[in-house]
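Before any comments, here is the structure.
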Amino acid sequence: MSARQHQRKDTDRRSAYLDKLLLTGGAQLRGTVEISGSKNGCLAIMAGALLGKGETVLRGVPSIGDVHTMIDVLRALGVKSAMERPGILRIDATEIDGTEAPYELVRRMRASFSVLGPVLARKGYAKVAMPGGCDIGARPIDFHVKGIQALGAMINMDHGFVEAEASSLMGTQVYLNFPSAGATQHIMTTACLAEGVTTIHNAAAEPEVVALARFLKQMGARIEGAGTTTVRVEGVDELHGTDFDMLPDRMEAGTYAVAAVMTRGDVRIENIVPEDVEPFVLKLREIGAVVDIHEHAMRVRAKERPLATDIMTMPHPGFPTDLQQPFAALLSIAEGTSVVTENVYERRFKYVNELVRMGADIKQEGRTAIINGVPKLTGAQTSASDLRAGAALVCAGLAAEGRSEISGIEHIERGYENMIDKLKGLGADVALAPDEQEREAVCV
Ligand code: UD1
């Protein structure tokens, strides 16, 4: 693709941010939807690809805002990185010309911070702006910094940047106060090129951590224990490029499952890993949905109003915090009272007021939301404050009576590939329309 075509694509992407989503609820979703590659898996793997000399080919990469931001981060580091055909991303980190990930990019997406360790391991120095990303609560980077420091780096935090310097990295023991997915991935990746053995205790066991370990091992890394609470990495001198198939996005699968149940539909969701979706499938069954699991697909259907249940978000294999919001939308039309407790990110309740505007009865106090199910929601104008809040509002709008308008859809575009086409394919009445107010605000 020429530079001009790239530029045009970027402009198209940015102008989509000024659109809003129009939804008319009531259609029962029916048919088949194909799940894209995992956003979170992909972002960590793209950072991991910085360790390899030679070309890496990633297959099943979703064309979403966060992946494009990560491509921009890699390019800012002087690494060749391009989405060639849909789903195929080539990264060649044989040479890493730059050592700085700038604020304009890192503030857009927190996951871009994870290039700090790999660039440090390859170049002996890295400078990355402190992260931004979805506003869902305090999202510190102290575990990441502590881990990289323990591997022997000198860290300097100044003027909104983290600088790391080390002529060589040494294997170490790291204990995480909380099994952070991002910190586990970042430290595991960085340790691949350290001298000796690194052990991460109280590590996150998310499927995306396991996928990253599989990817790094394909590049020549020596890693054991990914998917358990203790990950052991034995450093090697060099890693090489590889060819890797992305794991499916379990959060996207969960979102379509919620939409199917909320609309009393019948949807076959293809491209899943059964054990990865188990935490929310068990909850779907608890509230009365019928879920049939096949080798790489599941069929989700519901005929009746869902039943209330309680949800507590936890690190994997607990109930995923990323699905707390769509599930809360589902429970808002359940029969009875549900209690939702958020144990991972305290501010992941920003969607509550928007659902209340649609007729939901939700009281939120601290980390808990008490949801008294109502028989139906009504369409309204709402605004997505973050990615999963946006997903919750889409699910609510699909089930609501009448028309809904959702603004702030740039958040949804960060993580859901082709959501509008996929929903249309399932029979939803959904379209994009220019958000004139947003456009005026931007033009002023
Ligand atoms: C990742 C996912 C995000 C998901 C989250 C939890 C990506 C790009 N994002 O985010 O979608 O919701 O896992 O499954 O993969 N913490 C600290 N210090 C740190 C790091 C984390 O205190 O240095 C805390 C956080 O504030 C939070 C908890 O640890 O309370 C879990 O965060 P973490 O698992 O790190 O989330 P992310 O990796 O940022």
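Both counts, for ligands and for their atoms, begin at 1 and track the order of listing. Please read all numbers here as calculations on a predicted model, not as lab measurements. The analysis underlying the following values was restricted to heavy atoms, covering all of them including side chains, and did not include hydrogens, waters or symmetry mates. Here, residue 1 is the first one in the sequence, and each next residue gets the next number.
Between Val119 and Tyr125, every side-chain heavy-atom pair lies at or beyond the 4.5 Å cut-off.
Note: an N/O pair closer than 3.5 Å links Val344 and ligand 1 by distance alone. Considering backbone and side-chain atoms together, Tyr345 places an N or O closer than 3.5 Å to an N or O of ligand 1. Looking at Pro140 next to ligand 1, an N or O pair under 3.5 Å apart turns up. Residue contacts with ligand 1: Ala111 is placed with no nitrogen or oxygen under 3.5 Å of a nitrogen or oxygen of the ligand (distance criterion only). Considering backbone and side-chain atoms alike, Thr321 places every N or O at 3.5 Å or more from each N or O of ligand 1. Ligand 1 has an N or O atom lying under 3.5 Å from an N or O atom of Phe143, backbone or side chain. At a 3.5 angstrom cut-off on N or O pairs, Gln185 does not count as close to ligand 1. Ligand 1 has a nitrogen or oxygen under 3.5 angstrom from a nitrogen or oxygen of Ala181.
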message = Run the side chain to side chain donor-acceptor pair (under 3.5 Å) test on Asp92 and Thr94 for me, step by step, so that the C-alpha distance in whole Å, both residues' side-chain angles and the decisive distance to 0.1 Å come before the verdict.
response = CA-CA 6 Å; Asp92 190 337; Thr94 307; 2.4 Å; yes
For this session: Just do the side chain to side chain donor-acceptor pair (under 3.5 Å) check on Gln218 and Thr242 with the steps written out, would you?
Result: CA-CA 6 Å; Gln218 266 187 225; Thr242 190; 2.9 Å; yes
TODO: Give the intermediate values and the outcome of side chain to side chain donor-acceptor pair (under 3.5 Å) for residues Thr313 and Glu342.
DONE: CA-CA 5 Å; Thr313 65; Glu342 176 54 65; 2.9 Å; yes
- Item | Evaluation steps, salt bridge (Lys or Arg N to Asp or Glu O under 4.0 Å), between Glu84 and Arg90 | CA-CA 7 Å; Glu84 266 189 4; Arg90 288 180 192 275; 2.8 Å; yes
Evaluation steps, salt bridge (Lys or Arg N to Asp or Glu O under 4.0 Å), between Glu252 and Lys39: CA-CA 9 Å; Glu252 191 194 12; Lys39 170 180 87 73; over 6 Å; no
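Among residues two or more places apart in sequence or in another chain, the side chain to side chain donor-acceptor pair (under 3.5 Å) test is passed with Gln381 by Glu405. Among residues two or more places apart in sequence or in another chain, the side chain to side chain donor-acceptor pair (under 3.5 Å) test is passed with Tyr256 by none.
Residue Phe178 has at least one heavy-atom neighbour below 4.0 Å for each of these atoms of ligand 1: 28 (C), 29 (O), 31 (C). Atoms of ligand 1 lying under 4.0 Å from any heavy atom of Gly182, numbered from 1 in the order shown and given with element: 35 (O), 38 (O).
Atom CD of Glu100 has more than 12 heavy atoms from other residues, nucleotides or ligands within 6.0 Å.
Heavy-atom proximity to atom 39 (O) of ligand 1, evaluated over Arg110, His144, His316, is greatest for Arg110. The closest non-hydrogen atom to atom 18 (N) of ligand 1, taken over Leu43, Asp142, Thr313, Ile141, comes from Asp142.
In Arg348, the part holding a heavy atom less than 4.0 Å from any atom of ligand 1 is the side chain. If you look at Met251 next to ligand 1, there are no close heavy atoms at all, none under 4.0 Å. Only the side chain of Asp322 comes within 4.0 Å of ligand 1, judged by heavy-atom distances.
The side chain to side chain contact (heavy atoms under 4.5 Å, CB included) with Pro320 is formed by just one residue from the set Met314, Arg388, Met251; it is Met251.
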